[in-house]
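Accompanying notes for the structure given below.
Reminder, nothing fancy here: chain letters follow the sequence lines and each chain counts from 1.
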2 protein chains.
Amino acid sequence: MGKNATDTASQSGRPDDSAESACCTPIPDIDEDALVGDVQLLSALGNDTRYELVRRIGAAEDSVCVCDLEAAVGISQSGVSQALSRLYSAGLVTRRKEGSWRYYGLTDDAEQILDTLDALGGDHE
Amino acid sequence: MGKNATDTASQSGRPDDSAESACCTPIPDIDEDALVGDVQLLSALGNDTRYELVRRIGAAEDSVCVCDLEAAVGISQSGVSQALSRLYSAGLVTRRKEGSWRYYGLTDDAEQILDTLDALGGDHE
DNA sequence: CAACTATATTAGAACCTGCTCATATTACTA
DNA sequence: TAGTAATATGAGCAGGTTCTAATATAGTTG
């Protein structure tokens, strides 16, 4: 305590009012609201279990029943259901009910993203 | 750059050859190793702070100095540095040193993904 | 060299996520 | 209607993530 003998000079301000800013390039403002939706989508995909589910659904010809997915990803039925639910909220999968079964498929958005990811790093396998 | 030829022959992994399966459509196996890299990329982007950084870097004409980003995203210098570090590891941003400053820019991969995200939901809005 | 600036790294606390278990719901069947 | 199968939902915990503060490192300048 008792450290504030002489308050330092102006330090925490942004030194950019002079016309000759040293490093600072002006960055334009962005639409922060638009970010929220994107982050929701990306964070839904950015998880091992959910991404594997999406990939498996995408690899199937048609939509896939939950029971298949359970066997594939190796977590409990409840976990799969929750994961699919999150993907659905993020707009990445479609749901179709048929009898007691639910069939999941990819949305167009999800397919677009997977295509883009497949096209990345096309040089290193 | 064709699709990866998943030509895996029938591997004796799962006993599901009985024709009795009621709902189950066969889902092909997928390349689990390839998923890891994608998830790393997606989870790096799937965070408010990091995605905002990426968007701000992308919105600038040229590369951006860290000091600008700090002011923009409203977290501590340390936090910004850590976030940029993670984006760099994920292959989403480039680093350039110039004097005491570091300039960050987007990689081609990051630009591709942002373009894809911008193109999604092009009908509603 | 000493002081200062810009960025990186480390440590640790608060918060968030993703799983399992238990239970609820819905649809089919005898 | 009872019983059973398929999926969803809720509680709660283990482990992970993301901040902040403190400190280290590197470049720059007097």
Side-chain angles (χ1 to χ4, degrees), chain A residues 3 6 8-16 18 20-25 36 39-40 42-54 57 63-90 93-105, chain B residues 20-25 36 39-40 42-54 57 63-90 93-105:
Chain A
K3 202 179 187 176
T6 34
T8 62
S10 64
Q11 178 212 17
S12 62
R14 264 66 63 105
D16 63 3
S18 66
E20 171 74 290
S21 77
C23 74
C24 299
T25 44
V36 177
V39 168
Q40 221 160 332
L42 291 163
S43 63
L45 278 179
N47 165 267
D48 285 313
T49 298
R50 290 190 299 267
Y51 190 63
E52 181 170 356
L53 286 173
V54 165
I57 294 171
S63 3
V64 183
C65 159
V66 179
C67 58
D68 288 313
L69 297 168
E70 271 168 49
V73 301
I75 66 172
S76 72
Q77 177 267 320
S78 170
V80 173
S81 186
Q82 287 171 81
L84 289 169
S85 223
R86 168 115 189 239
L87 290 170
Y88 182 75
S89 311
V93 300
T94 61
R95 272 208 274 238
R96 177 168 53 94
K97 201 174 215 175
E98 195 162 306
S100 332
W101 294 285
R102 285 273 189 136
Y103 290 87
Y104 283 84
Chain B
E20 201 210 341
S21 48
C23 74
C24 299
T25 45
V36 178
V39 169
Q40 221 160 334
L42 291 163
S43 64
L45 279 179
N47 165 268
D48 284 313
T49 298
R50 288 190 300 267
Y51 190 63
E52 181 170 354
L53 285 172
V54 165
I57 293 171
S63 5
V64 182
C65 158
V66 178
C67 58
D68 287 313
L69 297 167
E70 270 167 51
V73 302
I75 66 171
S76 71
Q77 177 267 320
S78 169
V80 173
S81 185
Q82 287 171 86
L84 289 170
S85 222
R86 168 114 189 239
L87 291 170
Y88 182 76
S89 310
V93 299
T94 60
R95 269 208 275 240
R96 177 168 53 92
K97 200 174 215 174
E98 195 163 304
S100 335
W101 295 285
R102 284 269 189 139
Y103 290 87
Y104 282 83

Looking at C:dT9, does its base get a donor-acceptor pair with the side chain of B:S85 below 3.5 Å?
-> no
Can you check whether B:N47 has a side-chain N or O nearer than 4.0 Å to OP1 or OP2 of D:dT18?
-> yes
Taking only side-chain nitrogens and oxygens of B:R102, does any of them come within less than 4.0 Å of OP1 or OP2 of C:dA8?
-> yes
Residue A:V66, side-chain atoms from C-beta onward, closest of D:dA21, C:dT26, D:dA8 | D:dA8
A:Y104 side chain near D:dA8 phosphate (N/O to OP1/OP2, under 4.0 Å) = yes
Rounded to whole angstroms, how far apart are CD on B:E98 and C1' on C:dA6?
-> 13 Å
Separation of A:W101 atom CH2 from C:dT29 atom C1', in whole Å?
-> 12 Å
Return yes if the base of D:dA26 and the side-chain atoms of B:S100 contain a donor-acceptor N/O pair under 3.5 Å, otherwise no.
-> no
When you get a sec, tell me which of C:dA22, C:dT7, D:dT20 is the closest nucleotide to the side chain of B:C65?
-> C:dT7
Between CD of B:Q82 and P of D:dA24 the distance, given in whole Å, is 17 Å
Any A:Y88 side-chain nitrogen or oxygen under 4.0 Å from OP1 or OP2 of D:dA8 | no
Return no unless some side-chain N or O of A:T49 is found under 4.0 Å from OP1 or OP2 of C:dC19.
-> yes
B:R96 has an atom CZ; how far is it from atom C1' of C:dA6, in whole Å?
-> 15 Å
Phosphate contact (C:dT17 OP1 or OP2) by A:R50 side-chain N/O below 4.0 Å = no
A:D68 CG - D:dA5 C1' separation (whole Å) | 15 Å
Would you say a side-chain N or O of A:R95 is under 4.0 Å from OP1 or OP2 of D:dA6?
-> no
Classify the side chain of A:Q77 and the base of D:dA8 as holding, or not holding, a donor-acceptor pair under 3.5 Å.
-> yes
State whether the distance check finds a donor on one side and an acceptor on the other, under 3.5 Å, for side chain A:E70 versus base D:dT7.
-> no
A:K97 side chain: which of C:dT26, D:dG27, D:dA21 is closest?
-> C:dT26
To the nearest Å, give me how far apart CG (A:D48) and C1' (C:dG18) are.
-> 11 Å
Donor-acceptor side-chain pairing of B:S43 and B:R86 below 3.5 angstrom = yes
For B:R86 and C:dT9, give me the distance from atom CZ to atom P, rounded to whole Å.
-> 15 Å
